[in-house]
**Student:** 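I have a structure here, written as structure tokens, and I will follow up with some questions on it.
Sequence positions, counted from 1, serve as the residue numbers for this chain.
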Amino acid sequence: MYTLLEKHIEAIYNHRVQAEERQTYVHLVFSLSNAGSLKVALSKLNKSEGHRVVAFNELFSIGPIADLNTQGGQRNRELWMMEHLPDTFFGASSNREHRIEPMMETLKKIPANKTIVIWNGDNAHDQTGLRFSLYLLREQKNPIHVVNVTQAHRDMGLLGAAPIALAQGDQESFLEVVKRYGEGIPLELGLRKQYEQEWLELSSQNHLLRLWDSEDIIGCDENELDPVIVSAVAKLHDENTECDFITGSEVVIRVLEETRQLISVSFITYRIWKLVSDRVLRFQGLPWAPHQYSLRLNEE
């Protein structure tokens with residue numbers, strides 16, 4: 001039985017090695033949902049065999065990012081996430097191979113003859129991840145290609161508003177983007193070096209929130225969106241005059257719609273509870289998920 005098991009394990013290993021040798025492109029994305037969308041699209045286009053998809057499972061628009069390529073920086077980020085956004089942190093813990101340290105090893109081990117295609121959109125999360133990844137890849141000789149799905153959607157004249165991230169557009173439009181841009185667009189050496197430098201600048205700012213504005217990543221204090229949250233509560237109350245309190249989920253949705261930023265529900269709810277603690281907002285219900293409590297302005 002041991003002999004049969006060893007042969008079976010060896011066969012699986014050899015099959016994996018042969019599959020990796022046939023791969024020409026390694027696609028890098030910045031969430032597991034984006035990875036799933038891209039894998040489905042590549043499969044529908046019969047391109048799965050020559051293409052590998054790897055993914056960070058992080059939200060780079062929030063939390064500390066200083067020294068993120070070191071264990072100290074990663075630990076500092078983990079501690080902040082545990083304290084402020086525990087559901088986000090523990091969700092990431094179940095997919096440890098997609099966290100920063102293992103992903104650094106994954107990128108390091110990509111053979112030099114593979115083209116790396118980095119997918120992104122017009123949002124601070126993807127754009128920060130793009131710069132971080134290029135910094136990690138700075139000493140590798142791989143050809144680097146990029147695809148900005150927001151720009152691709154506009155360039156192709158597809159119907160509807162251009163999505164700010166891979167998984168936000170409709171499936172048919174995304175399939176068209178992958179069909180046309182699946183091998184990426186070569187990144188010029190000068191721009192690659194510029195992005196590496198921009199990572200160093202971003203990671204030295206010690207901001208806890210990053211927003212996308214007019215082609216730039218803007219580092220902000222964590223309370224930057226508090227006025228938007230308060231305004232959303234006020235507007236929803238004016239639109240629903242029969243309701244004294246507005247459900248938390250309605251507030252979260254309105255904030256996401258108005259900002260068009262790629263930030264987590266967990267971060268918005270964290271700021272909501274800070275506003276409740278500061279007596280800017282009042283709540284009733286169960287202080288857990290947004291659909292379990294309601295909010296109003298504190299008029300005292």
**Student:** Taking all heavy atoms of D67 and all of T70, pick out the closest pair and write down the distance.
**Tutor:**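 Looking at all heavy atoms of both residues, the shortest contact is O-OG1, 2.7 Å.
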
**Student:** Rounded at 0.5 Å granularity, tell me how far CD in E49 sits from OG1 in T24.
**Tutor:**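 Going from CD on E49 over to OG1 on T24, the span is 9.5 Å.
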
**Student:** Any donor and acceptor pair, going by atom type alone, linking the side chain of N240 with main-chain N or O of L236 inside 3.5 Å?
**Tutor:**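 It does hold such a pair.
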
**Student:** How far does CG of L211 sit from CD of Q127, to the nearest 0.5 angstrom?
**Tutor:**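 L211 CG to Q127 CD: 13.5 Å, rounded to 0.5 Å.
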
**Student:** So, do V117 and V147 sit near enough that their side-chain heavy atoms are less than 4.5 Å apart?
**Tutor:**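 V117 reaches V147 side chain to side chain.
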
**Student:** Sequence neighbours left out, what passes side chain to side chain contact (heavy atoms under 4.5 Å, CB included) with S31? Give chain and number order.
**Tutor:**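 Here the qualifying residues are S33, N34.
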
**Student:** Side chains of R180 and M156: closer than 4.5 Å at any heavy-atom pair?
**Tutor:**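 Yes, their side chains come closer than 4.5 Å.
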
**Student:** Could you check whether any side-chain N or O of R210 sits under 3.5 Å from a backbone N or O of G63, counting only pairs where one atom can act as donor and the other as acceptor?
**Tutor:**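 Yes, R210 side chain to G63 backbone: donor-acceptor pair under 3.5 Å.
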
**Student:** So F60 and F56, would you call those rings parallel, tilted or perpendicular, with 30° and 60° as cut-offs?
**Tutor:**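 Plane angle over 60°, so perpendicular.
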
**Student:** Give me each pair satisfying side chain to side chain donor-acceptor pair (under 3.5 Å) with a member in residues 181-195, each pair once, sequence neighbours excluded.
**Tutor:**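 Residue pairs passing side chain to side chain donor-acceptor pair (under 3.5 Å), neighbours aside: Y25-E183, Q194-E198.
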
**Student:** Over all heavy atoms of both residues, which pair between Q205 and G219 is shortest? Give the atoms and the distance, please.
**Tutor:**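 Q205 and G219 have their closest heavy atoms at OE1-CA, 4.1 Å.
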
**Student:** What's the spacing between L225 CG and Q261 CD if we round to 0.5 Å?
**Tutor:**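 Separation between the atoms: 7.5 Å.
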
**Student:** With sequence neighbours left out, what residues match E215 under side chain to side chain donor-acceptor pair (under 3.5 Å)?
**Tutor:**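 Expected list: none.
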
**Student:** Within the structure provided, determine whether P64 and L208 are in side-chain contact (heavy-atom separation under 4.5 Å).
**Tutor:**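 The answer is yes, as the side chains (C-beta and beyond) meet within the 4.5 Å cut-off.
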
**Student:** Measure across T269 and P290 and return the closest heavy-atom pair with its distance rounded to 0.1 Å.
**Tutor:**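 Between these two residues, the closest heavy atoms are CG2-CG, 3.4 Å.
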
**Student:** If you take all heavy atoms of N69 and L136, which pair is closest and at what distance?
**Tutor:**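 N69 and L136 have their closest heavy atoms at CB-CD2, 3.9 Å.
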
**Student:** Report the C-alpha distance between N142 and T115 in whole Å, list the side-chain angles of each, state the deciding distance to 0.1 Å, and finish with yes or no for side chain to side chain contact (heavy atoms under 4.5 Å, CB included).
**Tutor:** CA-CA 6 Å; N142 305 76; T115 297; over 6 Å; no

**Student:** For the OG1 atom of T150 and the CG atom of N120, what is their distance to the nearest 0.5 Å?
**Tutor:**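 Rounded to the nearest 0.5 Å, the OG1-CG separation comes to 7.5 Å.
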
**Student:** Tell me whether V255 shares a hydrophobic cluster with I218, the cluster being built from Ile, Leu, Val, Met, Phe, Trp, Tyr side chains joined at under 4.5 Å.
**Tutor:**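 No, because V255 and I218 fall into different hydrophobic clusters, even though each may have its own neighbours under 4.5 Å.
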
**Student:** What about I217 and L262, same hydrophobic cluster or not, with Ile/Leu/Val/Met/Phe/Trp/Tyr joined at side-chain heavy-atom distances under 4.5 Å?
**Tutor:**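 I217 and L262: separate clusters.
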
**Student:** Under 4.5 Å between side-chain heavy atoms, counting indirect links through other Ile/Leu/Val/Met/Phe/Trp/Tyr residues: same cluster for L38 and V40 or not?
**Tutor:**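 No.
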
**Student:** Do L256 and I263 make a side-chain contact, defined as non-hydrogen atoms from C-beta onward lying under 4.5 Å apart?
**Tutor:**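 Yes, at least one pair of side-chain atoms sits under 4.5 Å.
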
**Student:** Do L209 and I164 belong to the same hydrophobic cluster, where Ile, Leu, Val, Met, Phe, Trp and Tyr are linked whenever their side-chain heavy atoms lie under 4.5 Å apart, directly or via other members?
**Tutor:**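 No; tracing contacts between hydrophobic side chains, which count when under 4.5 Å, never links both residues.
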
**Student:** Can you list every pair that meets side chain to side chain donor-acceptor pair (under 3.5 Å) and has a residue in residues 216-230, with sequence neighbours left out?
**Tutor:**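 Every side chain to side chain donor-acceptor pair (under 3.5 Å) pair that includes a residue of residues 216-230, provided the two are not neighbours, is E222-Y270, E222-R271, D226-R271.
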
**Student:** Treat each ILVMFWY residue as a node, draw an edge where side-chain heavy atoms are under 4.5 Å apart, and state whether V280 and F245 are in one component.
**Tutor:**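 As far as the 4.5 Å side-chain criterion goes, F245 and V280 are not connected within one cluster.
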
**Student:** A side-chain contact here means heavy atoms from C-beta on lying under 4.5 Å apart; do R260 and N123 qualify?
**Tutor:**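 No, every pair of side-chain atoms sits at 4.5 Å or beyond.
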
**Student:** Report the C-alpha separation of R282 and E299 in whole Å, then their side-chain angles, then the decisive distance to 0.1 Å, and conclude whether the salt bridge (charged side-chain N to carboxylate O under 4.0 Å, His left out) test is met.
**Tutor:** CA-CA 9 Å; R282 293 177 57 190; E299 299 174 351; over 6 Å; no

**Student:** Parallel under 30°, tilted from 30 to 60°, perpendicular over 60°: which one fits the rings of H125 and F30?
**Tutor:**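 It falls in the perpendicular class, over 60°.
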
**Student:** Going by the rule salt bridge (Lys or Arg N to Asp or Glu O under 4.0 Å), which residues pair with D155 if we only count those two or more places apart in sequence or in a different chain?
**Tutor:**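 If we apply the salt bridge (Lys or Arg N to Asp or Glu O under 4.0 Å) test to D155, skipping adjacent residues, there are no hits.
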
**Student:** Can K235 and E258 be said to form a salt bridge (charged side-chain N to carboxylate O under 4.0 Å, His left out), step by step?
**Tutor:** CA-CA 12 Å; K235 289 178 181 178; E258 292 193 357; 3.5 Å; yes

**Student:** Could you give the distance from CG (L85) to CG (L59), rounded to the nearest 0.5 Å?
**Tutor:**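 It comes to 9.0 Å.
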
**Student:** What are the two closest non-hydrogen atoms of A55 and L32, and how far apart are they?
**Tutor:**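 Closest approach of A55 to L32: CB-CD2, 4.2 Å.
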
**Student:** Does the side chain of K39 come within less than 4.5 Å of H51's, by heavy atoms?
**Tutor:**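 No - every pair of side-chain heavy atoms lies 4.5 Å or more apart.
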
**Student:** Strictly by ring-ring contact (aromatic ring centres under 6.0 Å, His included), give each pair with a member in residues 271-291 just once, sequence neighbours left out.
**Tutor:**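 Only W273-F283, W273-Y293 qualify under ring-ring contact (aromatic ring centres under 6.0 Å, His included).
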
**Student:** Taking the side chain as every heavy atom from C-beta outward, state whether I65 and F132 have any pair of such atoms under 4.5 Å apart.
**Tutor:**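 No, side chains not in contact.
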
**Student:** Can any side-chain N or O of H237 pair as donor or acceptor with the backbone N or O of V233 at less than 3.5 Å?
**Tutor:**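 Not at all, since once roles are kept as given, no pair shorter than 3.5 Å links the two residues.
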
**Student:** Who pairs with K274 by salt bridge (Lys or Arg N to Asp or Glu O under 4.0 Å), at least two apart in sequence or on another chain?
**Tutor:**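 Applying salt bridge (Lys or Arg N to Asp or Glu O under 4.0 Å) to K274 gives D278.
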
**Student:** Using a 6.0 Å cut-off, check whether atom CG of L200 has over 12 heavy atoms from anything other than its own residue.
**Tutor:**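 Yes, because the 6.0 Å sphere around CG of L200 holds more than 12 heavy atoms from other groups.
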
**Student:** Could you grab the distance from atom NZ of K44 to atom NZ of K47, nearest 0.5 Å is fine?
**Tutor:**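 Result: 14.5 Å between the selected atoms.
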
**Student:** Can you check whether R77 reaches M82 side chain to side chain, under 4.5 Å on heavy atoms?
**Tutor:**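 No; the side chains remain at least 4.5 Å from each other.
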
**Student:** Looking at residues at least two apart in the chain, or sitting in another chain, which of them share a salt bridge (Lys or Arg N to Asp or Glu O under 4.0 Å) with K179?
**Tutor:**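 Checked K179 against salt bridge (Lys or Arg N to Asp or Glu O under 4.0 Å); zero matches.
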
**Student:** Kindly state each residue pair satisfying side chain to side chain donor-acceptor pair (under 3.5 Å) with at least one member in residues 168-177, sequence neighbours excluded.
**Tutor:**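 The answer is D170-S173.
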
**Student:** If I compare all heavy atoms of A112 with all of P143, which pair ends up nearest, and what's the gap?
**Tutor:**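 Minimum heavy-atom separation between A112 and P143: O-CD, 3.9 Å.
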
**Student:** Sequence neighbours excluded, which residues qualify as salt bridge (Lys or Arg N to Asp or Glu O under 4.0 Å) partners of E239?
**Tutor:**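 With sequence neighbours excluded, E239 shows a salt bridge (Lys or Arg N to Asp or Glu O under 4.0 Å) to R254, given in chain and number order.
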
**Student:** Considering residues at least two apart in sequence or located in another chain, which fulfil the side chain to side chain contact (heavy atoms under 4.5 Å, CB included) criterion with P186?
**Tutor:**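 Checked P186 against side chain to side chain contact (heavy atoms under 4.5 Å, CB included); matches are H145.
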
**Student:** Over 60° means perpendicular and under 30° means parallel, so classify the ring planes of F174 and W119, tilted if in between.
**Tutor:**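 The rings of W119 and F174 stand perpendicular, inter-plane angle above 60°.
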
**Student:** Evaluate W199 against T128 for side chain to side chain contact (heavy atoms under 4.5 Å, CB included), listing each step before the verdict.
**Tutor:** CA-CA 7 Å; W199 165 256; T128 302; 3.8 Å; yes

**Student:** Is it true that a side-chain atom of Q284 and a backbone atom of S294 form a donor plus acceptor pair closer than 3.5 Å?
**Tutor:**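 Such a contact is absent between Q284 side chain and S294 backbone.
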
**Student:** What residue pairs, at least two apart or across chains, pass salt bridge (charged side-chain N to carboxylate O under 4.0 Å, His left out) with a residue in residues 25-36?
**Tutor:**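 Listed once each, the pairs would be none.
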
**Student:** Does L107 offer a backbone N or O that forms a donor-acceptor pair with the side chain of Q140 under 3.5 Å?
**Tutor:**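 Present.
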
